[in-house]
Amino acid sequence: MAKNLIITGTGGQIGRAFVSHVSQKAGFNIFACDKEPQSPFDSANVTTVELDITDESQVSMFFDSIDCVDVLINNAGIGTFTPFEQRTVEEFMSVVDVNMKGTFLMCREAIKKMKVSGSGKIVNVGSVYGVVSSDYRIYGDSKRNNSEVYSMTKAAVIMLTKYLAAHYAKYNIQVNAISPGGVMRSQTKDFLSNYSNRTPAGRLAKESDLLPALEYLISDENVYTNGHNLVVDGGLTAW
Ligand code: NAD
């Protein structure tokens with residue numbers, strides 16, 4: 001029987017790549033969730049769901065609509081790029097809402113279902129910036145400096161991962177995180193060069209660099225890796 005796999009943030013860069021990849025594997029019935037879904041996926045096993053993960057009633061209604069959850073990939077996340085000293089509470093809380101509250105709500109509802117069915121796998125998407133501070137020297141004039149609240153919330157996602165792994169292993173539920181380094185998109189030339197020089201791999205990540213980590217963590221064979229934060233960063237955090 002096909003497994004129900006839920007992914008959030010599927011309108012974005014990494015989420016789209018995750019859906020495209022898992023939809024090519026046999027045996028998954030995929031729910032691609034986003035607050036603002038983009039063009040539909042060209043695959044019969046993908047259902048696009050409009051879902052705001054910060055809205056408790058929307059999240060509950062969504063989980064009520066499916067009988068079981070085998071895999072949950074919490075990929076939706078946002079950042080903010082204004083300087084720390086100009087951070088408003090509203091802006092701060094908007095990041096907390098998506099990255100922490102949204103991830104918490106999705107985990108809570110999924111775990112209830114996984115407990116009943118007796119198994120499940122959750123992968124939370126953290127960030128290298130939940131592990132180390134960003135290096136301000138690489139950002140220059142890009143106006144894309146990583147924010148303190150992004151790092152705080154990503155560290156929280158990694159900690160939630162460990163907490164849930166510890167408390168739900170006895171129900172055959174594995175909860176792990178993937179923490180990507182910076183992924184290539186339309187960054188400035190200076191930023192790309194600074195970031196690449198700062199990284200042992202000599203470049204930013206491509207979405208495809210993240211796929212083996214995801215595949216491993218959600219595979220049937222993975223029954224013993226639990227509470228792990230798999231950093232996929234070309235070695236950025238190694239020095
Ligand atoms: P993105 O901005 O391209 O996509 C994020 C998606 O999340 C968007 O489609 C957005 O609509 C959706 N979203 C935002 N708020 C939501 C909500 N309340 N409910 C449901 N969906 C919501 O981001 P991305 O670059 O694809 O990043 C995906 C994940 O990877 C994020 O958690 C991000 O923090 C993490 N990450 C990204 C990078 C990177 O360099 N891109 C690096 C490390 C970690």
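For this chain, numbers begin at 1 and follow the sequence in order. In listed order, ligands and their atoms are each counted from 1.
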In the protein, which heavy atom is nearest to atom 3 (O) of ligand 1, and how far is it? Gln13 N, 3.0 Å
How are the rings of Tyr129 and Tyr139 set relative to one another: parallel (under 30°), tilted (30 to 60°) or perpendicular (over 60°)? tilted
When rounded to the nearest 0.5 angstrom, what is the spacing between CD in Glu148 and OG1 in Thr153? 9.5 Å
Which atoms of ligand 1 sit under 4.0 Å from any heavy atom of Gly77? 5 (C), 31 (C), 32 (O)
Any donor and acceptor pair, going by atom type alone, linking the side chain of Glu85 with main-chain N or O of Pro83 inside 3.5 Å? no
Name the one of Val46, Thr48, Ile73 that satisfies side-chain contact (heavy atoms from CB on, under 4.5 Å) with Val19? Val46
Where the closest heavy atom to atom 31 (C) of ligand 1 is concerned, which of Asn75, Val125, Asp233 has it? Asn75
Using a 3.5 Å distance criterion without hydrogens, assess whether the side chain of Lys113 forms a donor-acceptor pair with backbone atoms of Ile66. yes
Relative to each other, are the rings of Tyr163 and His167 parallel, tilted or perpendicular (30° and 60° limits)? parallel
Numbered atoms and elements of ligand 1 in range of Asp52, under 4.0 angstrom, heavy atoms: 17 (C), 18 (N), 19 (N)
Spell out, as yes or no, whether a donor-acceptor pair under 3.5 Å connects the side chain of Asn75 to the backbone of Thr8. yes
Applying the side-chain contact (heavy atoms from CB on, under 4.5 Å) criterion to Tyr150, which one of Asn99, Thr80, Ile78 satisfies it? Asn99
Under 4.0 Å from any heavy atom of Ser127, which atoms of ligand 1 are there? 43 (C), 44 (C)
Do any N/O atoms on Gly12 end up under 3.5 angstrom from N/O atoms on ligand 1? yes
Does the side chain of Asn45 pick up a donor-acceptor pair with the side chain of Ser23 at under 3.5 Å? no
Would you confirm whether Lys35, through its side chain, and Leu51, through its main-chain N or O, come within 3.5 Å as a donor-acceptor pair? no
Could you tell me, atom by atom, which parts of ligand 1 come under 4.0 Å of a heavy atom of Ala76? 7 (O), 21 (N), 22 (C), 32 (O)
So is Gly126 close enough to ligand 1, meaning a heavy atom under 4.0 angstrom away? yes
Shortest protein contact, atom 43 (C) of ligand 1 (heavy atom only): Pro180 O, 3.3 Å
Atom 15 (N) of ligand 1: closest protein heavy atom, distance to 0.1 Å, is Val98 CG1, 3.7 Å
Tell me whether Ser179 contacts the main-chain N or O of Val231 through its side chain, where contact means a donor paired with an acceptor under 3.5 Å. no
With a cut-off of 4.0 Å, which atoms of ligand 1 are near a heavy atom of Leu51? 19 (N), 20 (C)
So the atoms of ligand 1 within less than 4.0 Å of a heavy atom of Gly11 turn out to be 9 (O)
If you scan protein heavy atoms around atom 7 (O) of ligand 1, the nearest is Gly9 CA, 3.4 Å
So which heavy atom in the protein is nearest atom 14 (C) of ligand 1, and how far is it from that ligand atom? Ile78 CG2, 3.7 Å
Would you mind running through ligand 1 and noting each atom that sits below 4.0 Å from a heavy atom of Gly182? 40 (O)
Of all the atoms in ligand 1, which lie at a distance below 4.0 Å from a heavy atom belonging to Lys154? 31 (C), 32 (O), 33 (C), 34 (O)
Hey, does the side chain of Ser134 reach the backbone of Tyr136 with a donor-acceptor pair shorter than 3.5 angstrom? no
Against ligand 1, does Thr54 come closer than 4.0 Å with any heavy atom? yes
Measure the distance from atom 19 (N) of ligand 1 to every protein heavy atom, then report the residue, atom name and distance (to 0.1 Å) of the closest one. Ile53 N, 3.0 Å
Main-chain N/O of Arg185 paired with Gln187 side-chain donor or acceptor, under 3.5 Å: yes
Proximity flag Gly102 to ligand 1, non-hydrogen atoms under 4.0 Å: no
Counting heavy atoms only, which of Tyr129, Phe18, Tyr150 comes nearest to atom 36 (N) of ligand 1? Tyr150
Could you tell me whether Thr10 and ligand 1 have an N or O pair separated by under 3.5 Å? no
For ligand 1, is there an N or O atom under 3.5 Å from any N or O atom of Val183? yes
What residue and heavy atom of the protein are closest to atom 27 (O) of ligand 1, and at what distance? Ile14 CD1, 3.8 Å
Is the side chain of Ser142 donor-acceptor paired with the backbone N or O of Arg144 at a distance under 3.5 Å, no angle test? yes
Give the residue, atom name and distance (to 0.1 Å) of the protein heavy atom nearest atom 11 (O) of ligand 1. Asp34 OD1, 2.6 Å
For ligand 1, is there an atom lying under 4.0 Å from some heavy atom of Arg185? yes
Contact with ligand 1 for Ser179, non-hydrogen, under 4.0 angstrom: no
Return yes if some donor-acceptor pair links the side-chain N/O of Asp233 with the main-chain N/O of Val128 below 3.5 Å, else return no. no
